[in-house]
Amino acid sequence: MLERKISEYLKEWKQKEKKKALLVTGARHTGKTYSIRRFGKEQYTNLVEINLLENKAARDIFTDVSDIGELIAKLTAYIGNSLKSGKTLIFLDEIQACPKARNAVKLFADDGRFDCIEAGQPESSFYYEEVYEMYPLDLEEFLWANGIRGADIEYVKECYDFNMKVSGSVHEMLKRLFKAYVAVGGMPEAVQLFVDTHDMAQVKEKQKSILELFMQDIENSENNGTNRDKSKMKKIMEFIPAQLNKANKRFMLADIRKSARMERYEQCFDRLADTGMTLPCYNVSEPKAPLKNTQKNNLFKLYLADSGLLCTMLPENVQFEVLQNNIEINNGSILENALAQILTANGFVLRYYNEKNKGELDFLLQKGKEAIPVEVRTGDSYKEHSALDYVLSKKEWNLKEGIVFCDRNVEKNGAIRYLPWYMSMFLRE
């Protein structure tokens, strides 16, 4: 049984005196339903679970409901059971399939007798909802699944905080597990299979089935526009590996079709990002906070939500190469995708910076009021970073520190910190 960070979050939410309804969003197959159902069974006397996508008849519960009394009457008639005040969790799964249910959630939140959690991929949230975005397992959760936790992680966190080298044995162990994370990714079913069997052939088959489900979800969703839009979304997904394999990794619509224009594809890119399938990383024209002020929405790199799925989309046996320490394979795109995945789960909006004749910063993050330039490196050239040196040298940008994630141990040289890849799990927004 995989332990997820959402478990503690849900317990804290339950203890709030005047709580909002909780909306859990994120890509499909990341464990939303399982985590909420487990929480409901452990923490409540009654769990009322309704999947509004699969159970179309249940949508009638929320039609023409104007007050809480009418809503309770229709709901209890439908489920055939009573609702116990303070002891009932109402779980509305696939909430995007029934917009009228979103209005009914407000009645539950205002009334306060019954806790309510929604899960799915709605396009927006409301003032009466608290939002929690769920991702594939992050690196720390992956380490938990593989038996690394508690004092071991606290020790490495202390090394991160105080720029201390990690002991050799721990460093090598975490490097090995990090490479496994890059190859396996964080989709719960794939991680559980890896933990149970360590059979990468089975893991790869599971990843293929998850990718097929992603494509089916695009086709079946009522929120994905016309058939033409759905076709565009599938094509974007299919082109991500090839785009990331390029030297600059920038997504070019012309590679899909020479006549393609952003205005015709923009909604498709936005929808893929909203559903959590992709992670866009936007270019900024100046590495200075607030970064959103110079963000260019038409220039971006596009990562897949999960590095393991990206490995499976590639024609070569890249999982073997990654586990063999050839992690720079495919121009380092798989490693970079894994870092994008970790940083997104840690709360960052992904951005990058490019300066002609100086090169490109892999990531430019905003933490509070400060911008942090980040490079991802492999091999002996990890101290070669002309773009990072350039932005740190410009006094007007006031960048206090740069980070290079590499396969070496902790080291600090002036304003630059060299950190092992696995320490990316401690860099949080």
Side-chain angles (χ1 to χ4, degrees), residues 23 25-30 32 53 94-99 102 119-125 131 133-136 185 187 207-246 248-284 292 295-310 312-314 333 336-337 340-341 343-345 348-352:
L23 173 61
T25 66
R28 294 182 187 275
H29 318 296
T30 53
K32 297 188 297 295
L53 182 64
E94 303 290 359
I95 191 69
Q96 76 282 349
C98 183
R102 304 288 301 283
Q121 300 170 322
E123 295 182 353
S124 61
S125 61
V131 180
E133 189 160 6
M134 197 163 180
Y135 299 98
M187 302 305 286
Q207 291 166 334
K208 286 180 180 178
S209 71
I210 293 171
L211 281 168
E212 289 172 2
L213 289 171
F214 269 24
M215 292 303 190
Q216 290 175 21
D217 290 339
I218 291 173
E219 185 65 37
N220 297 333
S221 175
E222 298 173 4
N223 294 336
N224 287 340
T226 64
N227 288 335
R228 182 173 293 181
D229 289 336
K230 293 174 182 179
S231 177
K232 290 176 182 176
M233 291 171 69
K234 290 179 183 177
K235 187 65 69 176
I236 290 169
M237 289 284 288
E238 291 167 358
F239 266 74
I240 288 175
Q243 299 285 309
L244 288 177
N245 194 35
K246 297 186 304 183
N248 67 6
K249 300 181 176 60
R250 195 177 127 203
F251 200 99
M252 300 292 291
L253 273 176
D255 291 341
I256 294 180
R257 180 179 293 179
K258 289 184 179 180
S259 61
R261 296 292 180 269
M262 179 55 70
E263 60 268 19
R264 300 175 190 168
Y265 279 78
E266 188 171 10
Q267 270 192 321
C268 299
F269 282 112
D270 289 345
R271 186 58 189 153
L272 285 171
D274 289 343
T275 56
M277 293 185 188
T278 62
L279 306 174
C281 180
Y282 295 103
N283 178 265
V284 294
K292 64 180 181 181
Q295 178 174 305
K296 301 176 183 178
N297 291 338
N298 63 330
L299 294 178
F300 58 90
K301 297 182 285 187
L302 195 64
Y303 300 104
L304 203 62
D306 183 79
S307 63
L309 298 184
L310 177 62
T312 298
M313 291 180 74
L314 293 164
S333 62
E336 200 170 304
N337 199 109
Q341 177 179 337
L343 294 171
T344 298
F348 290 107
V349 175
L350 300 179
R351 299 181 177 96
Y352 74 99

### Summary
Only one of Arg351, Glu336, Lys246 passes side chain to side chain contact (heavy atoms under 4.5 Å, CB included) with Lys301, and that residue is Glu336

### Message
Set out, in order, the CA-CA distance, both residues' side-chain angles and the distance that settles side chain to side chain contact (heavy atoms under 4.5 Å, CB included) for Phe251 and Ile236, then state yes or no.
### Response
CA-CA 9 Å; Phe251 200 99; Ile236 290 169; 4.0 Å; yes

### Worked check of side chain to side chain contact (heavy atoms under 4.5 Å, CB included) between Leu302 and Gln243
CA-CA 8 Å; Leu302 195 64; Gln243 299 285 309; over 6 Å; no

### Tyr265 side chain near Asp229 side chain, heavy-atom distance below 4.5 Å
no

### Query
Looking only at atom types and distance, does a side-chain atom of Lys208 sit under 3.5 Å from a main-chain N or O of Leu309, one as donor and one as acceptor?
no

#### Entry: Side chain to side chain, Gln121 and Thr25, heavy atoms closer than 4.5 Å
no

#### Entry: side chain to side chain contact (heavy atoms under 4.5 Å, CB included) assessment of Val349 paired with Lys292
CA-CA 9 Å; Val349 175; Lys292 64 180 181 181; over 6 Å; no

#### Entry: Sidechain-backbone polar pair: Thr275 side chain, Leu272 backbone, donor-acceptor under 3.5 Å
yes

### Task
Calculate, to the nearest 0.5 Å, the distance between atoms CZ and CE belonging to Phe214 and Met313 respectively.
10.5 Å

### Query
Under the 6.0 Å and 45° cation-pi test, does Lys296 pair with Tyr282?
no

### Query
How long is the span from the CG atom in Asn337 to the CG atom in Leu279, to the nearest 0.5 Å?
7.0 Å

### Message
Minimum heavy-atom separation for Asp306 and Met187, please, with both atom names.
### Response
OD1-N, 3.5 Å

### Message
I'd like to check Tyr303 versus Ile240 (side-chain heavy atoms, cut-off strictly below 4.5 Å). Are they in contact?
### Response
no

### Message
Checking side-chain polar atoms at under 3.5 Å, does Tyr135 have a donor or acceptor matched by the opposite partner on Glu133?
### Response
yes

### Message
Measuring only between side-chain heavy atoms, which start at C-beta, is Ile218 closer than 4.5 Å to Met277?
### Response
yes

### Message
Does any part of the side chain of Leu211, heavy atoms only, come nearer than 4.5 Å to the side chain of Met215, both counted from C-beta?
### Response
no

#### Entry: Arg28 side chain near Glu94 side chain, heavy-atom distance below 4.5 Å
yes

### Message
For Glu219 versus Asn227, what's the shortest heavy-atom pair and its separation?
### Response
OE2-OD1, 4.2 Å

### Message
Which heavy atom of Met134 sits nearest to which heavy atom of Thr30, and what is that distance?
### Response
CE-O, 3.7 Å

### Query
Taking C-beta and beyond as the side chain, do Asn283 and Gln295 meet within less than 4.5 Å on heavy atoms?
no

### Message
Do Thr278 and Phe269 have side chains that approach each other closer than 4.5 Å (heavy atoms only, starting at C-beta)?
### Response
no

### Query
Where is the tightest heavy-atom contact between Arg102 and Ser124, given as atom of each residue plus distance?
NH2-O, 3.0 Å

### Task
Taking atom CD of Glu238 as the centre, report whether more than 12 heavy atoms of other residues, nucleotides or ligands fall under 6.0 Å from it.
yes

### Query
Can we call the ring centroids of Phe300 and Tyr352 under 6.0 Å apart?
no

### Query
With distance as the sole test, does Asn245 use its side chain to make a donor-acceptor pair with the main-chain N or O of Pro241 at under 3.5 Å?
no

### Query
Do the side chain of Ser221 and the main chain of Asp217 share a donor and acceptor less than 3.5 angstrom apart?
no

### Task
Mind listing the closest non-hydrogen atom pair of Pro280 and Leu350 along with its distance?
O-CB, 3.6 Å

### Query
Can you name the nearest heavy-atom pair linking Leu310 to Ser333, along with the distance?
CD2-O, 4.2 Å

